Amino acid sequence: MEKIAIIGVGCRFPGADNPSSFWELLANKVDVIRELSSRPFDWDSLHEHSVVPTTGKSKSIKGGFLEQVEYFDPNFFQISPREAERIDPQQRLLLEVAWESLENAGILPSTELSGTQTGVFLGATNYDYGVILAKENAQINAYNAVGTSLGIIANRLSYLLNLQGPSLVIDTACSSSLVAIHYACQSLLSGESNLCLAGGVNLILSSEATISLSHAQMMAADGRCKTFDAAADGYVRGEGCGVVVLKRLADALRDGDNIQGIIRGSAVNQNGLSNGLTAPNGPSQQAVIRQALAKAGVKPSQISYVETQGTATPLGDSIEVNSLKAVLMEGREVNQPCWIGSVKTNIGHSEAASGIAGLIKVVLSLQHGEIPAHLHLKELNPYIKIKNTPIQIPTELQQWPAQKEPRLAGVSAFGFGGTNAHVILEEAPPQVKNQNLQERSSHLLTISAKTEPALQALVSRYQSHLQAHPKLELADICFTAKVGRSHFQHRLAVVINSKEQLIAQLAAFETGNHTTGLFSNQASKKPSKIAFLFTGEGCQYINMGRQLYHTQPIFRQAIEQCNEILRPYLEHSLLEILYPDQAEEQIASLLLEQTAYTQPALFAFEYALYQLWKSWGIQPNAVMGHNIGEYVAATVAGVFSLEDALKLIAHRGRLMAEFSAIANQVTYNQPQISLISNVTGNLADEDIATAQYWINHVSGAVQFAKSMQTLHQLGYKVFLEIGSKPILLGMERECQLANEGMWLPSLLPGMDEWQVMLSSLGQLFVAGVKVDWSGFDRDYQRTKVALPTYPFQRERYWIDTGTIQPQKQSLPKKLEIEQQATKTSISNQNAKILQQIETAESSDAFGERSDHLTLLITYLQEQIGRILGFKGSQLPNTEQNFFEMGMDSLMLTELRNQIQTDLNLDIPINIFMEGATIVTLSTQINHQLIPINVTQTVKAESNDQFQLVNVKNSDWIEIEI
């Protein structure tokens with residue numbers, strides 16, 4: 001059977017917000033069971049301490065509870081606050097944990113998963129939030145049904161990430177999540193899916209199920225799972241959520257994924273007609289374990305640990321352990337121990353999420369080579385017959401001895417309706433690095449978030465994570481942060497050469513002390529256009545780019561390619577002059593000052609530097625070269641080939657004397673990107689594709705100042721100098737234009753080359769320029785590692801009902817009064833804005849339209865904020881499109897109707913679609929409201945976007961959006 005790799009893990013269990021803290025909990029024998037202290041409802045009236053509960057009462061309110069389950073960050077998931085409070089917190093929790101599992105795997109959903117055959121298989125059983133919402137008929141709205149449907153728990157995730165593989169929720173009670181794992185593996189093995197997210201979720205939000213289970217005598221009197229103990233008298237309920245990212249092992253190895261564990265095989269079966277619907281069945285348990293072993297190709301004696309169902313009932317525990325003994329003792333030597341335990345003794349029985357809790361526990365145990373202690377075992381259940389057998393129960397943290405073969409373990413989950421599941425796990429293969437390339441002297445860490453507070457929180461998480469994991473390699477940390485995280489608008493980039501320096505830089509950011517090599521900014525959604533400036537003569541020196549030559553194959557290959565082309569034209573090798581041995585440096589330096597070598601060396605160096613930037617995804621919208629630099633600019637623009645360019649360079653000194661022989665041997669083309677001519681200072685025209693242009697170029701004056709003015713007039717604000725010294729950037733400052741843009745060097749003499757390159761790259765990143773991070777590290781063997789996950793900025797989203805909180809019967813009335821006051825306030829504000837709009841509309845002056853537009857933007861912010869359910873003074877982002885805000889077709893229709901009523905306009909519904917924002921909608925409404933006479937069509941470069949708008953008293957006009 002083909003193996004399945006676990007490449008990502010996300011979890012929330014009581015006392016643990018992530019896999020790392022979950023392991024700390026397990027390794028330190030922590031029992032998280034507690035009295036219920038805070039929930040959005042009142043359990044006090046349900047509390048009953050008697051052994052036999054009375055009608056409507058619960059025997060215990062202890063459990064393994066998560067904190068703040070009513071809190072959520074809807075903006076992150078593009079969900080409106082209005083819809084968020086109708087969404088089952090199980091759905092909301094699953095979204096967060098699934099996202100964390102993908103971050104843990106280092107997978108970018110937008111580029112790696114969107115539109116792919118990625119499956120979602122989840123276990124869930126509880127419908128508590130639906131029960132709560134159903135108690136207040138007056139509060140039911142269009143979002144209740146979808147918000148509380150169990151199936152939507154999986155479907156919403158698939159919708160959010162645009163996953164097109166199977167998407168389903170499985171309910172087999174306590175075995176739900178492990179059954180989901182099984183079917184996710186089957187989907188991968190059949191080729192139906194190429195990647196799967198699988199797991200389960202369980203929240204206790206209503207009292208009904210607890211009362212029922214208490215009546216069924218399934219609940220422990222002391223609120224503890226005393227699995228395998230003689231005093232076992234039932235379980236305690238628990239909450240949690242776990243998601244793993246699964247991939248075929250061969251694919252994971254090919255893609256360099258961080259393999260955290262391996263699923264060797266799995267099986268699912270049913271008790272059928274047995275002693276009772278909810279009764280455990282020994283023969284069926286044995287059968288499912290044998291089936292899983294057979295599929296895994298594993299002998300029973302090879303299993304050294306089993307994470308049991310361990311429900312903590314006298315009958316259930318004895319049946320399970322004796323079934324394990326019947327299977328796992330086959331062929332086992334006395335000195336081959338098999339440890340058994342149950343995570344339920346730590347966190348309670350998390351029901352639909354219990355199987356994934358056990359699986360994650362075993363994955364972590366395999367990674368650490370240790371087996372956590374099994375709690376609450378004082379006296380072994382007398383019906384469990386394991387004395388003088390290799391089966392053992394650890395009561396302290398136990399070393400898991402390594403064998404010649406990889407460690408193997410089993411995980412069991414048995415549903416109380418009779419559906420059983422078993423999974424065989426294998427430890428991950430060791431990661432071996434064969435790094436032949438010289439490592440970079442500096443590295444670049446990139447961090448981003450959707451809001452500034454989230455960025456600050458993420459920086460804090462990184463500091464703690466770095467200190468807690470000192471063995472992580474800096475290169476792997478930076479690699480994972482770049483290729484394994486989505487890049488949001490609020491950004492931070494740090495250039496560092498050690499983890500100690502990184503921690504110090506992050507601390508500097510927290511205190512607002514922006515030191516050298518530390519850059520932060522809110523990236524533009526429409527990044528500025530980039531101009532590459534290629535330096536002319538005067539910037540040459542030996543060993544320019546030597547670090548790059550030894551650490552970047554793409555740079556080295558470009559230099560060597562130029563060297564081979566130039567061999568027929570030069571007496572000395574270009575490499576001997578650029579990168580001489582120490583003993584030859586003086587001679588090389590003298591030769592480099594000769595024009596015959598200066599110009600080819602500069603061309604080759606700048607061409608290689610361009611290829612390096614290009615491999616990182618940094619490409620120009622326009623190019624300009626100073627003197628010799630224009631040959632490189634023309635080459636990258638496609639005016640002539642590299643071979644022809646170097647032919648011209650090698651003979652450049654003789655072009656005037658020979659005038660047309662060499663120049664006419666070259667094939668010329670029109671530039672494929674904007675090229676600013678040194679000769680004219682304007683955008684190059686068809687003359688640049690002629691021999692005469694390049695003959696004149698030799699003696700013509702360089703129109704640098706005019707060229708830069710042309711770039712500014714065309715809207716260029718980001719300038720990257722492709723050269724060994726920022727000479728052109730210095731000249732630009734003399735033109736008094738330096739304050740109008742971003743000026744970035746590639747190298748600075750006397751400074752570490754990587755620090756300068758990464759500093760410029762970091763500034764481009766925080767400005768919003770898209771970087772090809774996979775290309776950035778393509779020549780290095782990097783490993784994806786676990787890094788901090790996104791710090792969601794949660795607020796409370798919950799429907800309070802009078803029936804849930806009897807001691808606060810006045811709450812609904814109070815809320816009604818508050819809501820009415822808010823509506824009145826909004827109504828008054830709306831009326832004021834509409835009056836201002838009407839006043840402005842009476843003016844025909846074209847110049848007053850900007851004030852009018854501001855009023856419309858404010859009006860739309862108020863309306864959209866109300867429809868979305870924003871709280872207090874919170875207003876929607878004017879540049880976010882409506883769907884990114886969380887609006888749907890119902891809300892857009894409501895918005896359209898409100899605008900048409902308020903402003904007496906007929907607005908086509910399509911105007912609200914296709915990425916419309918508050919700014920673009922305001923602009924279009926503005927043109928409908930105010931009559932203008934415009935006869936001239938707006939003109940700009942072909943890169944810009946336009947839209948035709950029909951306005952009063954005018955023909956169609958073209959406006960930029």
Side-chain angles (χ1 to χ4, degrees), residues 174-175 217-218 220 224-235 267 269 271-272 274-276 278-294 298-346 349 354 358 361-362 365 371-396 398 400-401 408-416 418 420-424:
C174 314
S175 59
Q217 301 296 303
M218 293 183 180
R224 293 291 184 277
C225 284
K226 300 176 287 296
T227 306
F228 308 146
D229 194 87
D233 60 345
Y235 71 86
N269 75 358
N271 291 344
S274 56
N275 291 334
T278 63
N281 184 275
S284 294
Q285 293 178 13
Q286 294 179 40
V288 78
I289 297 171
R290 291 186 191 279
Q291 290 165 17
L293 289 168
V298 169
K299 297 177 182 178
S301 59
Q302 292 178 272
I303 301 296
S304 52
Y305 177 78
V306 175
E307 175 67 18
T308 65
Q309 165 71 10
T311 312
T313 60
L315 180 62
D317 287 353
S318 61
I319 290 175
E320 180 174 14
V321 176
N322 292 332
S323 296
L324 283 172
K325 184 176 69 171
V327 176
L328 299 183
M329 289 303 98
E330 294 178 5
R332 186 178 297 270
E333 301 292 335
V334 177
N335 62 350
Q336 285 183 281
C338 180
W339 303 88
I340 62 172
S342 175
V343 72
K344 294 177 179 63
T345 63
N346 298 92
H349 186 357
S354 62
K361 171 188 172 181
V362 176
S365 298
I371 298 172
H374 177 90
L375 308 186
H376 312 311
L377 182 62
K378 296 179 180 179
E379 180 183 350
L380 188 66
N381 182 330
Y383 298 102
I384 296 176
K385 308 296 184 180
I386 57 172
K387 188 176 181 180
N388 299 322
T389 74
I391 293 182
Q392 301 178 40
I393 304 171
T395 55
E396 298 292 339
Q398 169 71 45
W400 195 343
L408 293 168
V411 182
S412 289
F414 308 140
F416 75 167
N420 309 307
H422 193 80
V423 173
I424 306 296

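Note that the coordinates shown come from a computational prediction; the quantities given were computed from them, not determined experimentally. Values below: every heavy atom of this structure, side chains too, minus hydrogens, waters and symmetry copies.
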Taking side chain as C-beta onward, heavy atoms only, is [X] less than 4.5 Å from [Y]?
X      : Y      : result
Arg290 : Glu330 : yes
Ile289 : Val306 : no
Phe414 : Asn420 : yes

Are the side chain of [X] and the backbone of [Y] linked by a donor-acceptor contact shorter than 3.5 Å?
X      : Y      : answer
His374 : Thr227 : yes
His422 : Ala413 : no
Asn322 : Tyr383 : yes
Asn381 : Phe228 : no

How far apart are the closest heavy atoms of [X] and [Y], and which atoms are they?
X      : Y      : answer
Ser301 : Gly331 : CB-O, 3.6 Å
Ile303 : Gly410 : CG2-N, 4.0 Å
Asp233 : Ala220 : OD1-CB, 3.3 Å
Glu320 : Gln285 : CA-OE1, 3.3 Å
Ser318 : Ile384 : CA-CG1, 3.8 Å
Pro280 : Gly316 : CG-CA, 3.9 Å

Enter the distance from [X]:[atom1] to [Y]:[atom2] here, rounded to the nearest 0.5 Å.
X      : Y      : atom1 : atom2 : answer
His349 : Cys174 : NE2   : SG    : 3.5 Å
Thr345 : His376 : OG1   : NE2   : 5.5 Å
Ile340 : Lys325 : CD1   : NZ    : 11.0 Å
Ile319 : Leu324 : CD1   : CG    : 12.0 Å
Asn269 : Gln286 : CG    : CD    : 11.0 Å
Glu307 : Ser342 : CD    : OG    : 5.5 Å

Side chain to side chain donor-acceptor pair (under 3.5 Å) partners for Thr311, two or more places apart
Gln309
Run the side-chain contact (heavy atoms from CB on, under 4.5 Å) test against [X] and tell me which residues pass, sequence neighbours left out.
X      : value
Ala231 : Lys226, Asp229
Pro372 : Trp23, Leu26, Lys361, Ser365
Glu333 : Asn335, Gln336

Who are the ring pair (Phe, Tyr, Trp, His ring centres under 6.0 Å) partners of Trp400, not counting sequence neighbours?
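By the ring pair (Phe, Tyr, Trp, His ring centres under 6.0 Å) rule, Trp400 matches Tyr305.
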Might you work through the side-chain contact (heavy atoms from CB on, under 4.5 Å) test for Val362 and Val423, ending with a clear yes or no?
CA-CA 11 Å; Val362 176; Val423 173; over 6 Å; no
Between side-chain atoms of residues 385-394 and protein atoms elsewhere (two or more places apart, or another chain), which donor-acceptor pairs fall under 3.5 Å?
residue: Lys385; atom: NZ; partner: Pro382; partner atom: O; Å: 3.1
residue: Thr389; atom: OG1; partner: Ile386; partner atom: O; Å: 2.7
residue: Thr389; atom: OG1; partner: Ile391; partner atom: N; Å: 3.2

